[in-house]
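Working notes for the structure below.
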There are 2 protein chains.
Amino acid sequence: MNDDALEPRELGAYFVLMEAVSLLQHRIEQQLRAEGDISSVQFQLLARLAGAPGEVTMTQLADGVVYSRSGLTYQAGLLEKAGLITRRPSPDDERATLVAVTDAGRDLFRRLLPGHVQVTRLLFDPLTPADVEHLREVMTRVRDHLRAQPPRSAAPRKRRSGDASAAGGAKRTTRAS
Amino acid sequence: MNDDALEPRELGAYFVLMEAVSLLQHRIEQQLRAEGDISSVQFQLLARLAGAPGEVTMTQLADGVVYSRSGLTYQAGLLEKAGLITRRPSPDDERATLVAVTDAGRDLFRRLLPGHVQVTRLLFDPLTPADVEHLREVMTRVRDHLRAQPPRSAAPRKRRSGDASAAGGAKRTTRAS
DNA sequence: TATTGTTATACTCTATAACTATA
DNA sequence: TATAGTTATAGAGTATAACAATA
């Protein structure tokens, strides 16, 4: 049962998890945009910096926020231009860039937090404290498991020959153009 | 404790939930792109159609997949161009468009499913059956709660002319440019 | 008038690759 | 040579608004 098939229960759990989170993300996105005109990604970066003791490097900042280096540079550029963070070369390692929140950044974060928390109420309201605890514990396991896995993106996974046409053939939906 | 502040436990649960799902989504995206050259959104639409009894309208298809009408039209256009779905005006209601999967679409879906399931293993492997059941039950409650809430997006939120600063203030990070 | 869907348009975001500079 | 970060660029995706057609 750990091979290829999902139990119906699992399938259901998977779908409802993704659906709920998707809905939640959407709400969060709207709240942050409406009240602070920033994206949830930018908010996460701000939160991470606001919570950090001192400065962090770009690499440290990126960790956990899944995207590419260039993506982070892009977002950091926006935040810096908005005066919410600062960047400066690290004295220790001249290659590294140290990032820090500005007062304005911290202010914005603090200003947005209550509304953000209010939205996350949508997640917690229907849950008992025990549910929350269990959810936290369970998702921690999942997170750790996911982080432990080889990103796989390393192996570009060559198409399973055979026909390829099946979909690939007819596809070309997006990429690869 | 249902006012403004989050319990530390809740905050932790919230963060780890979003992080884990984000990681999972990323993996799913990669798998679908690598093996079928489609996005997870397109896969969801395909899955929805493959599971449906007959044809569905665009509106029905959109439901649950959160985005805008135009977004759906865009995606449907891609899928149709790729020969994975068909669209035709509804006989009953000339305004409506009926959407259906093609054989190619169903084939692609079936071809991608195993790999997709394999990725979702990353979610289930570290969980006991009881965990899965609890997760499903809990997230169902959350989902229902979220769906019950007024989408708020209903109020198109008139651009706060005046200054736009309200929150923007120091911002202008992204939008509104 | 309200609803269904499409189109035009503008913009955000992300990823890849090339490049610079330091370790 | 490997690592940290930036830049250029290209493309996917999304949202808003205007539009057409039917109910």
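The figures that follow rest on heavy atoms only: side chains count, while hydrogens, waters and symmetry mates do not. Order of the sequence lines sets the chain letters (A, B, ...), proteins ahead of strands, with each chain counted from 1.
- A sub-4.0 Å separation between OP1 or OP2 of C/dT14 and a side-chain N or O of A/Q75 is present.
- Just one of A/L61, A/T57, A/T86 meets the side chain to side chain contact (heavy atoms under 4.5 Å, CB included) condition when paired with A/L98; it is A/T57.
- In this structure a side-chain-to-backbone donor-acceptor pair under 3.5 Å is missing from B/R48 to B/A62.
- Put simply, B/H26 has a side-chain N or O that comes within less than 4.0 Å of OP1 or OP2 on C/dA15.
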Quiz item: Which parts of nucleotides 3-9 of chain D does protein reach within less than 4.0 Å, heavy atoms only, written one letter per nucleotide 5' to 3' as B for base, S for sugar-phosphate only and - for none?
Solution: BBBBBB-
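- Salt-bridge annotation for B/R88 and B/E80: absent, with no side-chain N of the basic residue lying under 4.0 Å from a carboxylate O of the acidic one.
- Residues B/T128 and B/D131 bring a donor and an acceptor atom of their side chains to less than 3.5 Å of each other.
- Look at CG on A/L32: it is 15 Å from C1' on C/dT12, rounded to the nearest Å.
- Scanning for ring-ring contact (aromatic ring centres under 6.0 Å, His included) contacts around B/F109 gives B/F43, with sequence neighbours left out.
- Distance, B/I38 CD1 to D/dG13 C1': 15 Å, rounded to whole Å.
- For B/R147 and A/E19, the salt-bridge test passes: some basic side-chain N is under 4.0 Å from an acidic carboxylate O.
- Put simply, CD on B/E29 is 11 Å from C1' on D/dG13, counting in whole angstrom units.
- The interatomic distance linking B/R33 (CZ) with D/dG11 (C1') rounds to 10 Å, in whole Å.
- Taking for each of A/G71 and A/D92 the nucleotide of DNA chain C with the nearest heavy atom, the 5'-most of the two is the partner of A/G71.
- One interatomic measurement links the two molecules: CD of B/Q44 to P of D/dG13, which rounds to 13 Å at whole-angstrom precision.
- Taking atom CG on B/L79 and atom P on C/dG5, their separation rounds to 16 Å, with Å as the unit.
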